[in-house]
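Okay, structure first, notes after.
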Amino acid sequence: MADVRWRPALSSDITVIVHWIETPKALERWAGPGLTWPTDGPTLWQEIAASDNASFSLVVNDTPIAFGQLVDKGERRAHLARIIVSPVHRRQGLGERLCRHLLAEARHRKADTVTLNVFVNNHAALDLYRRLGFVNHGVIDTRGIQPMQLRQFTQNVDNTDP
Ligand SMILES: CC(C)(COP(=O)(O)OP(=O)(O)OC[C@H]1O[C@@H](n2cnc3c(N)ncnc32)[C@H](O)[C@@H]1OP(=O)(O)O)[C@@H](O)C(=O)NCCC(=O)NCCS
């Protein structure tokens, strides 16, 4: 896709992104349990701590088409979170592109371990993460959340072209 840019997320991005989420279940699958529903841009921005966590968007003409976060978990561990692609842009490689940018950012921040959490019934996300080299790491919890970790992080990121 032409003219896709990567930049830090703006609070105005979330007012677009909030319309990609149509149900409380979709909100939970994307962002985890415990968020307000119905929601709105400012509430969501605050609840996903978008100002505190490193938050990024892929944009076309400065309009977001994908969004994700890199949460610093300490001990050089970066955690990919809130990965989402606009519904009309899915299955065009943007989720993978977004994640590869986040992995490059994690390396830039000197992380040596990268983790994420995903609901086990989120097949699209699971396929994407496995394709990137993530493997199951720890047990599925009572809510159905699978922790994953990227194997051989440094080598994988060296091969990316974000
Ligand atoms: C998960 C998500 C980010 C994937 O984004 P995307 O831009 O469609 O993904 P890509 O086009 O980069 O797909 C890369 C690979 O992931 C897998 N994949 C993506 N969507 C898939 C689907 N619906 N079904 C099966 N596999 C899928 C495929 O292996 C795909 O490669 P392929 O198209 O060559 O077969 C997107 O579906 C989304 O935003 N979902 C809602 C939010 C969410 O659940 N986020 C994850 C939270 S953990």
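Predicted, not measured: the structure shown is a model, and the values here were computed from it. Both ligands and their constituent atoms are indexed starting at 1 by order of listing.
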Fill in: Within-4.5 Å side-chain heavy-atom neighbours: L44 and I21
yes
Worksheet item: Nearest protein heavy atom to atom 13 (O) of ligand 1: under 4.0 Å?
Response: no
Worksheet item: Under a 4.0 Å N-O cut-off, is there an ion pair linking D62 with R7?
Response: yes
Worksheet, complete the sentence: closest protein heavy atom to atom 7 (O) of ligand 1 is G95 N, 2.8 Å
Response to the item:
Per-atom filter on ligand 1: closer than 4.0 angstrom to a heavy atom of R90 are 8 (O), 36 (C), 37 (O), 38 (C), 39 (O), 40 (N), 41 (C)
Fill in: Heavy-atom side-chain proximity of I48 to W45 below 4.5 angstrom
no
Discussion item. With the threshold set strictly below 4.0 angstrom, can you tell me whether any protein non-hydrogen atom sits that near atom 2 (C) of ligand 1?
Written reply: no
Response to the item:
Of all protein heavy atoms, the one nearest atom 28 (C) of ligand 1 is R91 NH2, 3.7 Å
Worksheet item: Do T113 and Q149 have side-chain atoms, one donor and one acceptor, less than 3.5 Å apart?
Response: no
Worksheet item: Which of the atoms of ligand 1 are close to D127, meaning less than 4.0 Å from one of its heavy atoms?
Response: 17 (C), 25 (C), 26 (N), 29 (O)
Discussion item. If the cut-off is 4.0 Å to any non-hydrogen atom of R29, which atoms of ligand 1 fall inside it?
Written reply: 47 (C)
Worksheet item: What are the atoms of ligand 1, with element, lying closer than 4.0 Å to any heavy atom of A125?
Response: 1 (C), 46 (C)
Worksheet item: Could a heavy atom of N117 be found less than 4.0 Å from some atom of ligand 1?
Response: yes
Worksheet, complete the sentence: A student checking ligand 1 against R131 at a 4.0 Å heavy-atom cut-off should list atoms 15 (C), 29 (O), 30 (C), 31 (O), 32 (P), 34 (O)
Worksheet entry | Distance from atom 18 (N) of ligand 1 to nearest protein heavy atom, with residue and atom | A124 O, 3.6 Å
Item to complete: Below 4.0 angstrom from a heavy atom of E96, which ligand 1 atoms are there? Numbered from 1 as shown, please.
Response: 12 (O)
Practice prompt. Mark the output for Y129 as yes if a heavy-atom distance to ligand 1 is under 4.0 Å, and as no if none is.
Written response: yes
Practice prompt. Give the atoms of ligand 1, by number and element, whose distance to some non-hydrogen atom of Q92 is under 4.0 Å.
Written response: 11 (O)
